[in-house]
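I have placed the structure first, in the form of structure tokens, so that the comments after it can refer back to it.
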Amino acid sequence: MINIDWKNLPFGYQKTDYNVRTYFRNGRWGSLELSSSEYINMHMAATTLHYGQEAFEGMKAFMGKDGKIRLFRWEENAKRMNASARKLMMAEVPLELFKKAIIKAIKHNKKYVPPYGSGASLYIRPLLVGSGPQVGVKPATEYLFIVFVTPVGPYFKEGFKPVQMLISRKYDRAAPQGTGHVKAGGNYAAGLEAMSIAHAGGYASVLFLDSKDKKYIDECGPANFFGIKNNIYITPKSPSILPSITNMSLMSLAEEIGMKVERRQVEVPELETFEEVGACGTAAVISPIGRIFDEENNKSYDYCKDGNPGPISTKLYEKLQAIQNGDEEDKFGWIEFVD
Ligand code: PLP
Ligand code: COI
């Protein structure tokens, strides 16, 4: 048995035993290689290092009460990684290869899957990088696909407790026709400065607005935004946000519990009208938002006035986790067992 304090795990990197790798060379993918090294050896002119040809994914596996490992919606992540690959002109990873790689990485690190009831999970991080050299700005001809896993706890240290978000018009994350809708590493570098300013002010994240008009809500750093009012689940529609698989799942669950779902533009003043608001993502799960501060207008929007998450956010959170942990029937076919 390994000695990990599962209940107090942060969302961070922890070494596991193996990762899985394969290269795309001469127009085709090679075989999957199991590696125990945490390092990669790469050409110094690799396109990922110079021109940001890189995309990644994030998904989770959970241990059920029945001792079975459940992988959540891997196919959506595989499809999204290929959407990123196309946008950044990288080689796509066939769905079967993607699946084999993640299952292999989980199977060889079974002892790191956090136990049922710990609140932690195994985070799976596939990444695709241009590893071949170029000096002119051109796509690489060689790509490396790696999958590593690491056990994680909640992304926002508050866990399922209300967090604060900052609206600041001084920073943009992604342009409307840029790369915001794919999971390019460069999007995260572009958001680092804004995020560090938010953190220094005690905010969990920046709530980014659309960068053209600065009028509509885009997303919450590494998570999508949703608001709830009058039994409607409302989430922004924007060309510069990442289509979150968690958000997609919450929309299905909201419909299942009899709510209406709207995906549309959300203007900042509409924040006043929501009964509950939250951030959602693989890492964040649901993070209820207790307060949003709009810096330029010196205005704050307050929710969760009793200090607790709202009833609908709580219900959606519990339902999602119950499916992931195997406590509730997987009606939607979201779970793949790893044996
Ligand atoms: N938005 C951004 C920018 C993200 O990085 C993530 C995390 O993957 C999300 C939203 C949430 O997406 P998902 O639910 O697929 O993890
Ligand atoms: C995720 O939710 O999987 C993310 O990728 C968020 C963040 C750690 C980048």
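Quick note: numbers below take in every heavy atom, side chains included, and nothing from hydrogens, waters or symmetry partners. Read the numbers this way: they start at 1 and go in the same order the structure lists the ligands and their atoms.
Counting heavy atoms under 4.0 Å from ligand 1, residue Ala223 touches it through the backbone alone. By the criterion of a heavy-atom distance under 4.0 Å, the side chain of Arg80, and not its backbone, is placed next to ligand 1. In Met59, neither the side chain nor the backbone holds a heavy atom less than 4.0 Å from any atom of ligand 2. Here Arg173 has side-chain heavy atoms under 4.0 Å from ligand 1, and that is the only part of it that gets that close.
Listed by atom number, the atoms of ligand 2 under 4.0 Å from Pro222 heavy atoms are 6 (C), 7 (C). Heavy-atom proximity to Tyr155, at under 4.0 Å, picks out these atoms of ligand 2: 8 (C). The contact set between ligand 2 and Tyr123, taken as ligand atoms under 4.0 Å from a residue heavy atom, comprises 1 (C), 3 (O), 4 (C), 5 (O). The contact set between ligand 2 and Lys183, taken as ligand atoms under 4.0 Å from a residue heavy atom, comprises 4 (C), 5 (O). Taking every heavy atom of Ser244 and a limit of under 4.0 angstrom, the matching atoms of ligand 1 come to 11 (C), 12 (O), 13 (P), 14 (O), 15 (O). Counting atoms of ligand 2 from 1 in the listed order, those under 4.0 Å from a heavy atom of Phe11 are 8 (C). If you number the atoms of ligand 2 from 1 as listed, the ones under 4.0 Å from a heavy atom of Arg125 come out as 5 (O), 8 (C). Taking every heavy atom of Asn224 and a limit of under 4.0 angstrom, the matching atoms of ligand 1 come to 1 (N), 10 (C). In the vicinity of Tyr188, heavy-atom distances shorter than 4.0 Å reach the ligand 2 atoms 9 (C).
In this structure, the side chain of Asp210 engages the main chain of Asp213 through a donor-acceptor pair within 3.5 Å. Here the side chain of Ser205 pairs no donor or acceptor atom with the backbone of Met165 at under 3.5 angstrom.
Classification of Asp330 and Arg70 as a salt-bridged pair fails, no side-chain N sitting under 4.0 Å from a carboxylate O.
Protein heavy atom closest to atom 2 (O) of ligand 2, with residue, atom name and distance, is Ala283 N, 2.8 Å. For atom 16 (O) of ligand 1, the nearest protein heavy atom (residue, atom name, distance) is Thr282 OG1, 2.5 Å. The protein heavy-atom contact nearest to atom 10 (C) of ligand 1 is Glu219 OE1, 3.4 Å. Regarding atom 9 (C) of ligand 1, its nearest protein heavy-atom neighbour is Pro222 O, 3.4 Å. In terms of protein heavy-atom proximity, atom 5 (O) of ligand 1 is nearest to Tyr188 OH, 2.4 Å. Of all protein heavy atoms, the one lying nearest to atom 3 (C) of ligand 1 is Gly221 O, 3.3 Å.
By the 4.5 Å heavy-atom criterion applied to side chains, Lys183 and Arg80 are counted as neighbours. You'll find the side chain of Ile124 stays beyond 4.5 Å of the side chain of Lys60, heavy atoms only.
Between Lys7 and Ser118, the side chains place no donor N or O within less than 3.5 Å of an acceptor N or O (distance only, hydrogens not considered). Neither side chain, Gln14 nor Thr150, offers a donor N or O lying under 3.5 Å from an acceptor on the other.
At a 3.5 angstrom cut-off on N or O pairs, Lys183 counts as close to ligand 1. Ligand 1 has an N or O atom lying under 3.5 Å from an N or O atom of Ile245, backbone or side chain.
Ring geometry for His108 against Tyr18 counts as perpendicular: the plane angle is over 60°, on a 0 to 90° scale with 30° as the lower cut. Between Phe98 and Trp74, the two ring planes are parallel [angle under 30°; tilted spans 30° to 60°]. The aromatic rings of Tyr317 and Phe160 lie parallel to each other, with less than 30° between the two planes, well short of the 60° mark.
The side-chain contact (heavy atoms from CB on, under 4.5 Å) test with Val149 singles out one residue from Asn19, Val20, Leu122, Val113, and that residue is Leu122. Considering Phe226, Phe274, Phe225 as possible partners of Ile234, the one that fulfils the side-chain contact (heavy atoms from CB on, under 4.5 Å) test is Phe274. In summary, of the residues considered (Lys170, Arg169, Lys214), a salt bridge (Lys or Arg N to Asp or Glu O under 4.0 Å) with Glu295 occurs for Lys170 alone.
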